[in-house]
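Just follow the structure's listing: the first ligand is 1, and inside any ligand the first atom is 1. Atoms considered below: every heavy atom in the structure, side chains included; atoms not considered: hydrogens, waters and symmetry mates.
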Amino acid sequence: MKMVKVTLKEVKDTLIDLDIDEIPNVVKSELEAGTDPKNVMKALTDGLDEVGKLYEKNEYFLTDLVLAGETMKEAIKVIEPYLKSDVKGTEQTVVIATVRGDNHDIGKNILISMLMSSGFNIIDLGMDCPPDKIVKTVKESGAKVLALSALLTMTVEEISVVDKALKDEGLRDQVKIIVGGAPLNMELAKKMGADDFADDAVEGVKHIKNLMEKSMPKIKVS
Ligand code: B12
């Protein structure tokens, strides 16, 4: 394969053009030229934002959203080995899911890759995940952190359903909930009963490490 120097704008545009055949080449060229993988990821997510806007304007259709998702997945395959997190994890378990009714998993999967490269043990419950499955998994795994992704305004409420279901089972004190996804912010996250929120996967890894540390039993040194 002949490598030609590309720009971040070309990475973004290739995604907007939904060019699934070309995306691995442009992403690889950009990475091999030494560009920070986080910046390449930013160009790709900016591209997806643009796709979302074109969809809102009825210039793109559902089939285009589907193809955008597939194109992003091809890009992530190339970028994943370069995405090393600086935060070292503690090999503790994080249960992670996209909430019920929501079929967006690209952001969740980026977070998983970064958590794994930081040494965390992941139980991935996939997308459109019912609350009872989440509760059962938290119970059986003894996980200290539950990470939930919600991309649709109408599925944000599902976070509070999970929070309540964990409370009903007496498990809420055992597990911290962190949430992420475009419609969320810290205020809304807390309103839904979560303990924490992070804007992106890089911040997410840092926050999860902090939550893990907070949930460690304190050892008294006399
Ligand atoms: C690709 C896509 C799809 C694909 C998803 C494929 C897949 N496997 O994920 C498909 C085609 C399935 C899809 C379907 C729909 N979609 Co859609 N989709 C998108 C699109 C273009 C990109 C989403 C994405 O992957 N972004 C890139 C990732 C990397 O970003 P991210 O998920 O936000 O994740 C980052 C952070 O948020 C964070 N993060 C995410 N999760 C978590 C979790 C934790 C714990 C932490 C710490 C951090 C974190 O870290 C990530 C990386 O940094 C967005 C537009 C957009 N700009 O977001 C619309 C969008 C989300 N979709 C939208 C809509 C309306 C739909 C449909 C309802 C369309 C329809 N009429 O059927 C359906 C709903 C299906 C369903 N039930 O879920 C709207 C939502 C509007 C809203 N606010 O409710 C959007 C915003 C488009 C738009 N502008 O109108 N979609």
Side-chain angles (χ1 to χ4, degrees), residues 11-12 15-16 18 20 23 27 37-77 79-80 83 85 87 94-115 118 120 122-130 134 143 145-159 162-163 175-186 188-189 192 194-212:
V11 172
K12 179 179 165 186
L15 191 90
I16 297 169
L18 312 175
I20 195 163
I23 200 86
V27 169
K38 286 171 194 155
N39 293 339
V40 181
M41 188 62 88
K42 168 89 174 49
L44 290 164
T45 43
D46 285 353
L48 278 180
D49 276 348
E50 196 52 42
V51 170
K53 284 180 191 146
L54 290 165
Y55 173 76
E56 277 176 356
K57 286 194 264 175
N58 291 325
E59 288 178 37
Y60 271 18
F61 303 102
L62 190 54
T63 46
D64 299 311
L65 275 191
V66 175
L67 187 51
E70 294 306 313
T71 307
M72 183 72 175
K73 283 184 181 170
E74 290 307 310
I76 290 171
K77 277 187 206 158
I79 215 169
E80 228 161 29
L83 270 183
S85 166
V87 184
V94 179
V95 173
I96 183 162
T98 301
V99 296
R100 180 170 58 187
D102 201 321
N103 284 325
H104 296 83
D105 68 351
I106 297 171
K108 169 183 76 65
N109 292 343
I110 295 172
L111 180 63
I112 289 176
S113 306
M114 299 204 59
L115 285 169
S118 291
F120 287 99
I122 305 297
I123 301 177
D124 177 13
L125 298 179
M127 49 193 181
D128 185 15
C129 188
I134 296 174
V145 174
L146 167 65
L148 296 174
S149 186
L151 264 281
L152 297 171
T153 310
M154 67 175 194
T155 58
V156 164
E157 198 73 41
E158 277 295 314
I159 296 165
V162 174
D163 172 53
V175 67
K176 300 273 183 220
I177 304 177
I178 178 168
V179 297
L184 284 155
N185 53 45
M186 187 64 88
L188 187 53
M192 292 297 131
D195 300 289
D196 203 358
F197 159 83
D199 249 329
D200 59 31
V202 176
E203 283 303 304
V205 174
K206 290 184 195 157
H207 285 224
I208 288 171
K209 178 144 195 291
N210 280 338
L211 290 174
M212 284 286 183

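The side-chain hydrogen bond (donor to acceptor under 3.5 Å, both in side chains) test applied to Thr155 returns Asp102, not counting sequence neighbours. Judged as a side-chain contact (heavy atoms from CB on, under 4.5 Å), and not counting sequence neighbours, the contacts of Ala189 are Val179, Ala194, Phe197.
Checked against a 3.5 angstrom limit, the closest N/O atoms of Gly101 and ligand 1 fall inside it.
Heavy-atom contacts of Asp105 reach the following atoms of ligand 1: 7 (C), 8 (N), 9 (O) (cutoff under 4.0 Å).
Atoms NE2 and CG, on His104 and Leu152 in that order, are 5.0 Å from each other to the nearest 0.5 Å.
Contact annotation: Gly181 has at least one heavy atom less than 4.0 Å from an atom of ligand 1. Within the 4.0 Å heavy-atom cutoff, Lys73 counts among the residues contacting ligand 1. Contact analysis leaves Ala68 out of contact with ligand 1, as no non-hydrogen atom separation drops below 4.0 angstrom. Heavy-atom distances between Asp199 and ligand 1 reach below 4.0 Å in at least one pair.
Note on residues 40-62: pairs passing salt bridge (charged side-chain N to carboxylate O under 4.0 Å, His left out), not counting sequence neighbours, are Lys42-Asp46.
The protein does not reach atom 54 (C) of ligand 1 closely, with no heavy atom under 4.0 angstrom from it.
In terms of protein heavy atoms, atom 84 (O) of ligand 1 is closest to Thr153 N, 2.9 Å.
Of all protein atoms, those that are N, O or S and lie under 2.8 Å from atom 17 (Co) of ligand 1 total 1.
Only the backbone of Val179 comes within 4.0 Å of ligand 1, judged by heavy-atom distances.
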